[in-house]
Every structure is written in C-alpha cells, then in structure tokens.
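Quick notes on the structure that follows.
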Amino acid sequence: MDWLSVFFGASGLITGVPMVMFPARKRRNAIKTRKARLAELQAGSRERFFEERRSIEAYPPPSSDRRMRLAGVALMLGGLFLLVMAVHPKP
C-alpha cells in the first residue's frame, strides 16, 4: 500500500466535500470581507500592499458557486482515484 497516495487521496476527499456542500458560505465571507476592506480604504486607511484598492476593485469575488463546486468535485475525484490506486496497485 502506498501511504503517500493514501494521505493525498484522503486530503483531496476531506477538502473537496465542503467545497461541494457549502460553497455559498465561502463566497458570502469573501463578499463581506471585500466590502469591509473597501469601506476602510474609502475612510482613509493605508493600503497594505501596492495598489490594494485597485486589485480589490478589479477582481471581485465570483458571482456564483459553480466554480467552487466544480473544483470540489475535481478534488474528490482525484482523491478517490489516488485512494483506489493505493489499495489496488498496478501489477
């Protein structure tokens, strides 16, 4: 049994399940954080890095959960593949 494949396969499954089941939670948190930081910057707070305001305005959070769900499904499939290959290695 290949323990490295077991580790990465289990990690893929563990991280993929919440991405498929609860993507809206992550998106709502990103939107809330973005709005709060833009409000701070508009109130006169210093930028933490070069052109922070421009990057926040140019790259908004995703408008739907589809990408996060697809990434979670891909992680789960990859993790499942690694677990199967660890248990049933190629002869």
Side-chain angles (χ1 to χ4, degrees):
M1 182 180 287
D2 182 13
W3 290 104
L4 192 62
S5 292
V6 170
F7 173 75
F8 284 117
S11 297
L13 284 176
I14 290 170
T15 56
V17 169
M19 289 173 71
V20 170
M21 295 180 71
F22 311 111
R25 182 182 303 168
K26 180 78 171 167
R27 185 175 47 84
R28 281 192 306 260
N29 188 25
I31 290 171
K32 183 178 75 171
T33 305
R34 178 179 184 262
K35 283 181 182 179
R37 186 60 187 149
L38 276 175
E40 288 175 6
L41 289 172
Q42 289 172 352
S45 178
R46 269 185 79 170
E47 292 186 353
R48 295 179 187 152
F49 56 89
F50 181 67
E51 292 190 345
E52 178 184 14
R53 180 191 306 253
R54 186 202 64 78
S55 67
I56 291 174
E57 291 170 349
Y59 305 108
S63 58
S64 87
D65 299 335
R66 177 180 283 175
R67 269 184 156 166
M68 182 72 79
R69 286 187 197 273
L70 288 175
V73 168
L75 269 173
M76 288 172 46
L77 289 175
L80 185 63
F81 175 76
L82 284 173
L83 286 174
V84 168
M85 292 306 290
V87 175
H88 300 290
K90 199 163 116 177

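Here CZ of Arg69 is found 10.5 Å from CZ of Arg66. Values are rounded to the nearest 0.5 Å. A distance of 9.0 Å separates CE in Met19 from NZ in Lys26, rounded to the nearest 0.5 Å. Between the CD atom of Glu47 and the CZ atom of Arg37 there is a distance of 8.0 Å, given to the nearest 0.5 Å. To the nearest 0.5 Å, atoms CZ (Phe22) and CZ (Arg27) are separated by 15.0 Å. Separating the CZ atom in Phe7 from the CG atom in Asp2 is a distance of 12.5 Å, to the nearest 0.5 Å. With rounding to the nearest 0.5 Å, the separation of CG in Leu38 from CD1 in Ile56 is 5.0 Å.
Side-chain atoms of Met76 and Leu80, non-hydrogen and from C-beta on, never get closer than 4.5 Å to each other. Using a 4.5 Å heavy-atom threshold, the side chains of Pro60 and Arg34 count as touching.
Take Ser55 and apply the side-chain contact (heavy atoms from CB on, under 4.5 Å) test, not counting sequence neighbours, and it matches Phe49, Tyr59.
Placement of Val87 and Leu77 within a single hydrophobic cluster is found when ILVMFWY residues are connected by side-chain heavy-atom separations under 4.5 Å, directly or transitively. Note on Met68: it clusters hydrophobically with Leu75, by side-chain heavy-atom contacts below 4.5 Å among ILVMFWY residues. Leu70 and Phe81 fall into different hydrophobic clusters, where Ile, Leu, Val, Met, Phe, Trp and Tyr side chains are chained together by heavy-atom contacts under 4.5 Å. Placement of Leu13 and Trp3 within a single hydrophobic cluster is found when ILVMFWY residues are connected by side-chain heavy-atom separations under 4.5 Å, directly or transitively.
Heavy atoms only, all atoms of each residue included: Val20 and Val73 are closest at CG2-N, 3.6 Å.
In this structure, Met85 places its CE atom where more than 12 heavy-atom neighbours from other residues, nucleotides or ligands lie under 6.0 Å away. Counting heavy-atom neighbours within 6.0 Å of Arg67 CZ, excluding the residue itself, gives a total of 12 or less.
Between the Arg53 side chain and the Leu41 main chain, a donor and an acceptor come within less than 3.5 Å of each other. Glu40 places no side-chain N or O within donor-acceptor distance of the main-chain N or O of Ser45, the cut-off being under 3.5 Å.
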